[in-house]
J.: 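Please see the structure below; I have some questions.
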Amino acid sequence: MRLFITGIGSGLGKALVEEALKRNYEVFALSRHLPKEFEGKIRFYPCDLKRIEGIYNCMEKLLKGLKEINLAILNAGVLGEMKDMHETSFSEIEEVFKVNLWANKVIIDYFIDNELEVEQIIAISSGAAKNCNRGWNAYSLSKAGLNCLIKLYSWELPKTHLIALAPGLVLTPMLEEVMRNDEKKFPSVARIKNSPKLLPEHAARFIFEILPKLKEFESGSFVDLRDFPEYGEYIKLWGVV
């Protein structure tokens with residue numbers, strides 16, 4: 001089994017690689033840096049996904065000659081500064097879009113251009129794509145765009161099953177950054193602080209466990225892990241506040 005994944009330096013991406021290795025996947029990863037514990041265990045190529053023009057070359061360096069991938073997880077993402085939409089510049093929005101949206105287009109285009117067969121593509125989305133809470137500006141916009149991107153590609157890739165997946169609240173460095181914001185100005189921050197969250201390793205395990213069930217959804221769908229009955233059991237066992 002082969003896994004391609006982006007954004008493995010910390011948080012959910014790192015935990016997904018750890019879980020994949022436990023399950024004997026051969027891992028191919030693009031990220032800005034390689035955690036020391038993965039040295040010699042995975043195939044890695046350093047890549048800054050904000051540099052859109054360089055991503056295709058990174059893909060070639062990492063995957064050249066490969067004909068088949070079982071699972072691709074488009075995990076890399078950035079938050080951007082939480083502030084009101086009126087205060088957010090076009091340049092700030094575009095910086096978030098580069099990683100959260102356009103980098104994924106380049107990656108999927110590489111799969112198509114090189115006739116690389118990919119059985120399943122999971123793009124890590126967010127409930128923020130639908131909630132559009134105050135302060136989430138560029139992040140919400142980019143994840144809503146990602147959901148649409150995955151739906152659009154589902155028409156063009158009939159042999160690949162694509163899902164935009166919201167993992168729920170996962171206690172990653174990104175979520176910790178969110179929780180440092182002003183609760184009064186951004187009410188969603190208080191709700192997140194008071195809600196149960198999964199540690200990255202538990203979220204990663206749950207994602208791998210429900211991979212077969214994801215294929216029951218129409219290709220191109222947006223799916224929230226919190227909608228699975230099993231998620232409640234995970235929260236009871238492993239949830240932290």
Side-chain angles (χ1 to χ4, degrees), residues 1-21 25-81 91-126 138-139 141-143 145-147 149-150 153 157 160 162-165 167 170 172-174 177 200 204 207:
M1 297 286 284
R2 291 184 178 130
L3 166 68
F4 168 82
I5 186 170
T6 61
I8 67 165
S10 64
L12 182 59
K14 184 178 179 182
L16 285 166
V17 172
E18 290 170 343
E19 186 65 25
L21 291 174
Y25 276 77
E26 184 180 7
V27 178
F28 299 78
L30 288 185
S31 192
R32 284 181 297 174
H33 70 275
L34 174 67
K36 288 185 178 180
E37 54 264 48
F38 297 151
E39 291 179 2
K41 295 181 180 179
I42 70 173
R43 298 193 187 188
F44 172 81
Y45 196 82
C47 191
D48 184 352
L49 296 182
K50 284 186 178 180
R51 296 183 61 197
I52 299 296
E53 69 283 353
I55 297 173
Y56 206 92
N57 181 62
C58 292
M59 294 289 288
E60 288 185 328
K61 297 289 187 181
L62 180 68
L63 302 178
K64 188 174 182 179
L66 208 61
K67 295 299 181 184
E68 184 180 36
I69 290 174
N70 301 96
L71 174 64
I73 302 181
L74 309 180
N75 167 74
V78 294
L79 176 65
E81 184 180 352
S91 61
E92 289 174 300
I93 293 171
E94 183 57 26
E95 285 300 295
V96 174
F97 269 51
K98 284 179 181 177
V99 178
N100 294 2
L101 183 60
W102 304 132
N104 295 316
K105 172 174 166 45
V106 176
I107 290 167
I108 297 174
D109 286 346
Y110 176 88
F111 293 155
I112 295 172
D113 293 344
N114 291 274
E115 299 180 347
L116 203 163
E117 293 184 13
V118 184
E119 180 182 341
Q120 188 173 20
I121 295 176
I122 295 175
I124 299 299
S125 183
S126 170
Y139 187 79
L141 288 169
S142 67
K143 292 300 185 178
L146 179 63
N147 291 356
L149 184 81
I150 291 302
Y153 273 116
L157 293 165
T160 300
L162 297 93
I163 289 290
L165 183 68
V170 185
T172 62
M174 182 185 291
E177 183 181 345
I207 289 171

J.: Can you pull the salt bridge (Lys or Arg N to Asp or Glu O under 4.0 Å) pairs that have at least one residue in residues 94-105, sequence neighbours excluded?
T.: Glu95-Lys98, Lys105-Asp109
J.: Using the salt bridge (charged side-chain N to carboxylate O under 4.0 Å, His left out) criterion, which residues pair with Lys50? Sequence neighbours excluded.
T.: none
J.: Mind checking what makes side-chain contact (heavy atoms from CB on, under 4.5 Å) contact with Lys61, not counting sequence neighbours?
T.: Tyr45, Asn57
J.: Taking only residues two or more places apart in sequence, or in another chain, which ones meet Glu68 in a salt bridge (charged side-chain N to carboxylate O under 4.0 Å, His left out)?
T.: none
J.: When you measure from the side chain of Thr160 to the backbone N and O of Val118, does any donor-acceptor pair fall under 3.5 Å?
T.: yes
J.: Could you measure the distance from the CG atom of Leu116 to the CD1 atom of Ile107? Nearest 0.5 Å is fine.
T.: 12.5 Å
J.: For residues 112-123, pull every pair meeting salt bridge (Lys or Arg N to Asp or Glu O under 4.0 Å), keeping only residues two or more places apart or in separate chains.
T.: Glu119-Lys215
J.: With ring pair (Phe, Tyr, Trp, His ring centres under 6.0 Å) as the rule and sequence neighbours excluded, what pairs involving residues 104-126 come up?
T.: Phe4-Phe111, Tyr56-Tyr110
J.: Could I get the full list of salt bridge (charged side-chain N to carboxylate O under 4.0 Å, His left out) partners for Arg43, not counting sequence neighbours?
T.: Glu26
J.: Quick one: CD on Gln120 to CD1 on Ile163, what's the gap to the nearest 0.5 Å?
T.: 8.0 Å
J.: Please identify each residue that fulfils side-chain contact (heavy atoms from CB on, under 4.5 Å) with Leu141, with sequence neighbours left out.
T.: Met85, Phe97
J.: Who are the side-chain contact (heavy atoms from CB on, under 4.5 Å) partners of Ala20, not counting sequence neighbours?
T.: Leu3, Tyr25, Val27, Phe208
J.: Do you know the tightest heavy-atom contact between Thr172 and Gly11?
T.: CG2-CA, 4.0 Å
J.: Does any non-hydrogen side-chain atom of Leu157 lie less than 4.5 Å from one of Ile108?
T.: yes
J.: Could you grab the distance from atom OG of Ser10 to atom CZ of Arg32, nearest 0.5 Å is fine?
T.: 8.5 Å
J.: By the salt bridge (Lys or Arg N to Asp or Glu O under 4.0 Å) test, which pairs, at least two apart or in different chains, include something from residues 4-19?
T.: Lys14-Glu37, Glu19-Arg23
J.: Within this structure, what is the CD1-CD1 distance for the pair Ile73 and Ile121, rounded to the nearest 0.5 Å?
T.: 11.5 Å
J.: Considering residues at least two apart in sequence or located in another chain, which fulfil the salt bridge (charged side-chain N to carboxylate O under 4.0 Å, His left out) criterion with Glu60?
T.: none
J.: Please report the shortest heavy-atom distance between Cys47 and Leu30, naming the atom on each side.
T.: CB-CD2, 4.1 Å
J.: Only one of Leu16, Ile124, Asn75 clears side chain to side chain contact (heavy atoms under 4.5 Å, CB included) with Pro167; which?
T.: Ile124
J.: Please list, chain by chain and in numerical order, all residues satisfying side-chain contact (heavy atoms from CB on, under 4.5 Å) with Ala123, sequence neighbours excluded.
T.: Leu74, Leu146, Ile150
J.: Identify the heavy atoms of Leu66 and Ile69 that sit nearest to each other, and give their distance.
T.: CD2-CG1, 3.9 Å
J.: Only one of Thr6, Val78, Asn104 passes side chain to side chain contact (heavy atoms under 4.5 Å, CB included) with Val99; say which it is.
T.: Val78
J.: CG of Leu79 to CG of Asn100: how many Å apart, nearest 0.5 Å?
T.: 9.0 Å
J.: Looking at every non-hydrogen atom in both residues, tell me the closest pair between Leu34 and Glu39 and how far apart they are.
T.: CD2-CG, 3.8 Å
J.: For a quick test of reading the model, state the closest non-hydrogen atom pair linking Pro46 to Cys58 and the distance between them.
T.: O-SG, 3.8 Å
J.: Starting at CD1 of Ile112, measure out to OH of Tyr153 and round the result to the nearest 0.5 Å.
T.: 5.5 Å
J.: Do you know the tightest heavy-atom contact between Ile8 and Ser31?
T.: N-OG, 3.1 Å
